[in-house]
Structures are given as structure tokens and as C-alpha cells.
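Since the structure comes first, as C-alpha cells, the remarks are kept for the end.
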Amino acid sequence: MSRGRLITLEGGEGAGKTTHSKTIAAWLKAQGRDVINTREPGGSPLAEAIRGVVLADWAEGIDAPTELLLIFAARAAHLRATLLPALERGSDVVCDRFIDASWAYQGAGRGLPAKALQAMEDLVLDGLHPDLTLIFDIAPELGLARAKGRGNLNRFEAENLAFMQRVRQSYLDRAAAAPQRCVVLDASLAIDQVERQLRQVLESRL
Ligand code: TMP
């Protein structure tokens with residue numbers, strides 16, 4: 001049996017990834033594929049527990065290296081318990097955020113050096129990369145307004161606009177550097193228009 005495909009969704013806050021990940025899974029199932037939806041940080045019981053720690057507000061604060069290590073600890077647990085077994089049994093995996101988020105948030109956002117990100121990526125991913133990465137691009141002001149409409153903001157959603165602009169630019173730069181893997185979609189459009197773009201991408205890329 002052939003290995004499943006890894007499809008990742010990325011983008012700033014309020015880009016609608018969660019809705020779109022369901023559309024992608026439904027589209028794949030209609031093609032007769034076995035599919036799982038998962039997310040990062042999270043996606044296994046241990047990784048979900050770490051997610052709770054990373055997103056919580058701590059009176060003592062969380063510095064950037066602690067955040068990086070927790071996110072990669074969650075990723076390592078998720079890969080071993082959920083993601084790799086699914087790919088190996090031939091299921092497609094639709095993952096809401098993955099490695100590009102670490103480069104965008106911990107790298108560009110928090111300013112951690114590329115060599116730290118690369119070391120973590122080499123250790124935890126060991127050469128694994130997504131088959132397709134969909135980047136839902138949205139101006140931070142608009143994304144934030146949408147995220148606020150959903151209720152309480154987590155530590156990342158509560159960051160300032162300059163942070164979010166660095167995150168956005170990092171995603172766009174990574175997409176430009178890997179056009180065979182990444183597709184940028186305009187997530188500022190109405191949801192049905194984004195869905196239309198998304199279906200075209202799925203039909204041409206998968
Ligand atoms: P979510 O809002 O998409 O559920 O993700 C939770 C937060 O985790 C999001 O604000 C971005 C952050 N995050 C990182 O900072 N680095 C990462 O590698 C991942 C996967 C998420």
C-alpha cells in the first residue's frame with residue numbers, strides 16, 4: 001500500500017483554517033481516500049496536554065526558547081502517536097498548522113535564530129515534509145478582528161500587529177521559496193470564494 005499524503009494548512013489568526021480543513025477532508029473522502037484531520041500543537045493526548053501549556057498565560061511568562069521546545073515536544077509526540085502511523089497505513093493527513101508555523105511564529109515572530117529552528121526540524125521531522133501546504137493569507141488587522149469575534153484570545157492572538165506582520169511575511173517568503181509545495185490563497189475573501197479557490201487547488205495539485 002502506498003504512503004498517505006500530508007496536507008498542511010497555515011496562515012495567520014482568523015484565516016478560517018479550521019473550516020477549510022474540513023472541506024479538504026471531505027474532498028479527499030469523496031475521492032475514495034482514507035483521511036484523518038489533526039492539528040498542531042496537539043493531535044495526540046500528550047501533544048494536546050502540551051498545547052494547553054503553550055497556549056496558557058503564565059504569571060512568570062514563557063520565553064521564546066521554552067515556547068520553541070514545548071512546540072517541538074508536542075510535534076514529536078504527535079508524529080509518533082498519530083501522524084506517522086496514519087501516513088504509513090496509507091491515510092491522507094490534513095494537519096491544521098505544522099512546521100511552517102514554527103518558522104513563522106518562533107522564527108520570524110519571536111526572532112529565534114534559523115539555526116535553532118533548523119536543528120529542531122532536523123531532530124523531530126527527520127526529512128519529513130508536507131506534500132502540499134496551503135497558506136491562507138490574510139491582513140493581520142482583518143484576521144484579528146475575526147479571531148476576536150470568536151471569543152477569548154490566546155497568547156498568540158493577543159500579540160501586536162508588528163508580530164503578526166512578521167508571521168505573515170514569513171509565510172509568504174516560505175511559499176515563494178517552495179512553489180512546488182506551497183500555494184497561497186487569499187483568505188480575506190468571503191468564505192465561499194475561498195472555498196472555490198481551494199477546490200481548484202485540490203483538483204490541480206492532488
Ligand atoms: P491555532 O490557533 O491554529 O489552533 O494554533 C494555536 C497557536 O499556536 C497559533 O496561534 C500559532 C501557534 N503555533 C506556533 O506558534 N508555532 C507552531 O509551530 C504551531 C504549530 C502553532
Side-chain angles (χ1 to χ4, degrees), residues 6-25 37-44 46-58 61-83 93-114 116-125 128-130 133-138 140 142-171 174 182 185 187:
L6 175 58
I7 298 134
T8 60
L9 291 86
E10 299 280 4
E13 311 302 333
K17 289 180 286 79
T18 308
T19 308
H20 300 310
S21 65
K22 290 179 192 146
T23 304
I24 298 168
N37 276 99
T38 186
R39 68 171 179 181
E40 289 203 347
S44 80
L46 171 55
E48 287 289 331
I50 300 171
R51 176 189 176 92
V53 172
V54 178
L55 296 186
D57 278 312
W58 296 94
I62 293 190
D63 64 6
T66 306
E67 184 178 283
L68 177 78
L69 292 166
L70 285 169
I71 281 178
F72 273 92
R75 180 163 296 133
H78 177 222
L79 280 171
R80 189 178 65 85
T82 306
L83 199 151
V93 175
V94 179
C95 191
D96 191 339
R97 295 195 187 281
F98 194 58
I99 185 67
D100 295 291
S102 299
W103 286 92
Y105 284 80
Q106 282 65 53
R110 301 282 186 227
L112 285 169
L117 272 293
Q118 194 62 57
M120 288 287 123
E121 178 174 333
D122 292 346
L123 177 69
V124 173
L125 263 56
L128 175 74
H129 54 78
T133 296
L134 299 157
I135 295 173
F136 292 88
D137 179 56
I138 189 165
L142 181 56
L144 201 58
R146 286 188 187 167
K148 278 188 183 146
R150 286 195 308 240
N152 287 345
L153 300 182
N154 69 35
R155 279 196 315 111
F156 294 96
E157 292 164 335
E159 274 296 338
N160 59 40
L161 280 179
F163 177 93
M164 291 181 186
Q165 266 142 10
R166 290 196 298 279
V167 168
R168 181 190 198 188
Q169 193 56 51
S170 167
Y171 276 132
R174 289 179 68 75
C182 300
L185 294 107

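Start at 1 and go down the list; that is how both ligands and their atoms are numbered. Only heavy atoms go into these numbers, but all of them, side chains included; no hydrogens, no water, no symmetry mates.
Of the protein's non-hydrogen atoms, S102 OG, 2.6 Å is the one closest to atom 18 (O) of ligand 1. Looking only at heavy atoms of the protein, atom 3 (O) of ligand 1 is closest to R97 NE, 2.6 Å. Scanning the protein for heavy atoms near atom 13 (N) of ligand 1, the closest one is I71 CD1, 4.1 Å. Closest protein heavy atom to atom 10 (O) of ligand 1: E13 OE2, 2.9 Å. Protein heavy atom at the shortest distance from atom 21 (C) of ligand 1 is P41 CD, 3.5 Å. At the shortest separation from atom 4 (O) of ligand 1 among protein heavy atoms lies R51 NH2, 2.8 Å. Protein heavy atom closest to atom 16 (N) of ligand 1, with residue, atom name and distance, is Q106 OE1, 2.8 Å.
Atoms of ligand 1 found under 4.0 Å from any heavy atom of E40, numbered from 1 in the order shown, are 20 (C). Listed by number with element, the atoms of ligand 1 under 4.0 angstrom from any heavy atom of K17 are 3 (O). Of all the atoms in ligand 1, the ones that sit under 4.0 Å from a non-hydrogen atom of A101 are 16 (N), 17 (C), 18 (O), 19 (C), 20 (C).
We find that E157 and K148 are not joined by a salt bridge, their nearest charged nitrogen and carboxylate oxygen being 4.0 Å or further apart.
R155 does not count as a contact of ligand 1, since none of its heavy atoms falls under 4.0 Å from the ligand. Distances from ligand 1 to the non-hydrogen atoms of E67 include no value under 4.0 Å.
Each of R75, E67, E40 was evaluated against S102; a single residue qualifies, R75, per the side-chain hydrogen bond (donor to acceptor under 3.5 Å, both in side chains) test.
L83 and C95 get closest at one heavy-atom pair: CD1-SG, 4.4 Å.
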